[in-house]
Amino acid sequence: MKKILVLFAHPAFHKSRINKRLMESIQAIEGITFNNLYEKYPDFFIDVKREQKLLLQHDIIVWHHPFYWYSCPALLKEWIDLVLEHNFAYGIKGKALKGKIAISVISTGGRKEVYSEKGDNHFTINQFLAPFYQTATLCRMKYLPPFVVHGSHKITNIEIEKYASDYKKLLTGLRDETIIINQTGNNNYTNDLIE
Ligand SMILES: Cc1cc2nc3c(=O)[nH]c(=O)nc-3n(C[C@H](O)[C@H](O)[C@H](O)COP(=O)(O)O)c2cc1C
């Protein structure tokens with residue numbers, strides 16, 4: 001059984017509809033460690049050694065957050081800046097993360113259609129996530145296509161329940177290795193690979 005570390009970053013959790021529900025669906029599953037960064041580090045003083053130890057103890061790393069300004073909330077960026085140290089995560093001696101899997105789980109206000117060359121945001125989600133792809137790659141991890149919930153402003157509770165159920169299937173499938181994802185590419189979402 002693979003061990004999964006969910007790095008959850010939501011600065012306004014009290015207002016959350018989508019990620020609150022996604023979080024609730026996976027939080028108590030065996031094999032998953034839920035690391036709520038804004039709860040743990042409200043002052044932004046990240047315990048780098050604790051976070052690196054957690055990384056070493058897990059096989060699959062999930063960056064779970066609402067999409068903020070086409071990227072992640074500030075504390076997750078701080079986490080990346082501090083925790084993925086030279087000679088730990090990258091560099092000649094930096095092999096701590098080698099062979100692990102990384103995946104982004106995000107929600108966006110924008111609908112799927114606006115994330116395209118001809119849409120209002122001009123780029124696809126996968127293009128916006130290029131820094132995460134390359135960060136994982138530099139750290140010798142395999143970056144899977146993202147799991148995305150679009151259109152947060154108009155989404156119904158029934159739709160949220162379906163996403164929550166799919167998120168649970170995704171993490172348990174990755175944990176048990178019943179979901180093996182080899183496909184990568186600019187338009188791929190992991191959502192499409194869940195039955
Ligand atoms: C500061 C801020 C920046 C945001 N930036 C984006 C963005 O770049 N693209 C987008 O589609 N939605 C953006 N949104 C909308 C959020 O992604 C959306 O509210 C969130 O995914 C809803 O999830 P929740 O119900 O868990 O809060 C932004 C929201 C805030 C507050």
>> Assess the residue pair F13 and M23 against the criterion (side chain to side chain contact (heavy atoms under 4.5 Å, CB included)); give the C-alpha distance rounded to whole Å, side-chain angles, the decisive distance to 0.1 Å, and a yes or no.
In response: CA-CA 11 Å; F13 186 64; M23 179 199 112; 3.6 Å; yes

>> Please determine whether side chain to side chain contact (heavy atoms under 4.5 Å, CB included) holds for the pair L37 and I46, giving the CA-CA distance in whole Å, both sets of side-chain angles, and the decisive distance to 0.1 Å.
In response: CA-CA 9 Å; L37 294 179; I46 293 175; over 6 Å; no

>> Working note: R175 + I29, criterion side chain to side chain contact (heavy atoms under 4.5 Å, CB included); need CA distance, chi angles, decisive distance, verdict.
In response: CA-CA 10 Å; R175 180 196 66 183; I29 297 174; 3.3 Å; yes

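Applying the side chain to side chain contact (heavy atoms under 4.5 Å, CB included) rule to E117 yields no partners; only residues at least two apart in sequence or on another chain are considered. Applying the side chain to side chain donor-acceptor pair (under 3.5 Å) rule to H10 yields no partners; only residues at least two apart in sequence or on another chain are considered. Judged as a salt bridge (charged side-chain N to carboxylate O under 4.0 Å, His left out), and not counting sequence neighbours, the contacts of E161 are R21. In this view, K162 and D166 satisfy the side chain to side chain contact (heavy atoms under 4.5 Å, CB included) rule, not counting sequence neighbours. Listed by chain and residue number, Y115, Y189 satisfy the ring-ring contact (aromatic ring centres under 6.0 Å, His included) test with H150 (two or more places apart in sequence, or in another chain). A search for ring-ring contact (aromatic ring centres under 6.0 Å, His included) contacts involving F67 returns nothing, not counting sequence neighbours. A130 meets the side chain to side chain contact (heavy atoms under 4.5 Å, CB included) test with no other residue; sequence neighbours excluded. Among residues two or more places apart in sequence or in another chain, the salt bridge (charged side-chain N to carboxylate O under 4.0 Å, His left out) test is passed with K20 by E24. Taking R17 as the reference, I155, N157, I160 meet the side chain to side chain contact (heavy atoms under 4.5 Å, CB included) condition, with sequence neighbours excluded.
With a 4.5 Å cut-off on side-chain heavy atoms, L174 and K2 do not count as touching. Counting only heavy atoms from C-beta outward, the side chains of V148 and P146 approach each other to under 4.5 Å. Residues Q52 and V83 form a side-chain contact, since some pair of their non-hydrogen atoms from C-beta on lies under 4.5 Å apart. Looking at I106 and I125, their side chains come closer than 4.5 Å, going by heavy atoms from C-beta outward. Under the 4.5 Å side-chain criterion, counting only non-hydrogen atoms from C-beta, Y167 is in contact with V6. You'll find the side chain of M1 reaches within 4.5 Å of the side chain of D176, heavy atoms only.
Within the structure, the side chain to side chain donor-acceptor pair (under 3.5 Å) test picks out the following pairs touching residues 92-104 (sequence neighbours left out): S104-Y143. Applying the side chain to side chain donor-acceptor pair (under 3.5 Å) definition to pairs two or more places apart or across chains, those involving residues 68-80 are E51-W79, Y70-N121, K77-D81.
Closest approach of N126 and N188 over heavy atoms only: ND2-O, 3.1 Å. Closest non-hydrogen pair, F147 versus Y163, comes out as CZ-O, 3.6 Å. Of all heavy-atom pairs spanning T190 and P145, the tightest one is OG1-O, 2.6 Å. The two residues P66 and A9 have their closest heavy-atom pair at CD-O, 3.2 Å. Of all non-hydrogen atoms in G109 and H153, the two that sit nearest each other are CA-NE2, 3.6 Å. Looking at every heavy atom in both residues, A96 comes nearest to L56 through CB-CD2, 3.7 Å.
Here the NZ-CD1 distance, from K142 to I103, works out to 10.5 Å after rounding to the nearest 0.5 Å. Atom-to-atom distance recorded for I60:CD1 and T33:OG1 is 11.5 Å, nearest 0.5 angstrom. Distance check: I26 CD1 to L170 CG gives 10.0 Å after rounding to the nearest 0.5 Å. Rounding to the nearest 0.5 Å places NZ of K112 at 10.5 Å from OG1 of T124. Note that CD of E159 and OG of S152 are 11.5 Å apart. Values are rounded to the nearest 0.5 Å. Expressed to the nearest 0.5 Å, how far OG1 of T178 lies from NZ of K169 amounts to 11.0 Å.
Through chains of ILVMFWY side-chain contacts below 4.5 Å, L138 is grouped with Y90.
Judged by distance alone, the side chain of N35 and the main-chain N or O of L7 form no donor-acceptor pair under 3.5 Å. No donor-acceptor pair closer than 3.5 Å links the side chain of N19 to the backbone N or O of H65.
For OH of Y38, the number of neighbouring non-hydrogen atoms (other residues, nucleotides, ligands) closer than 6.0 Å is greater than 12.
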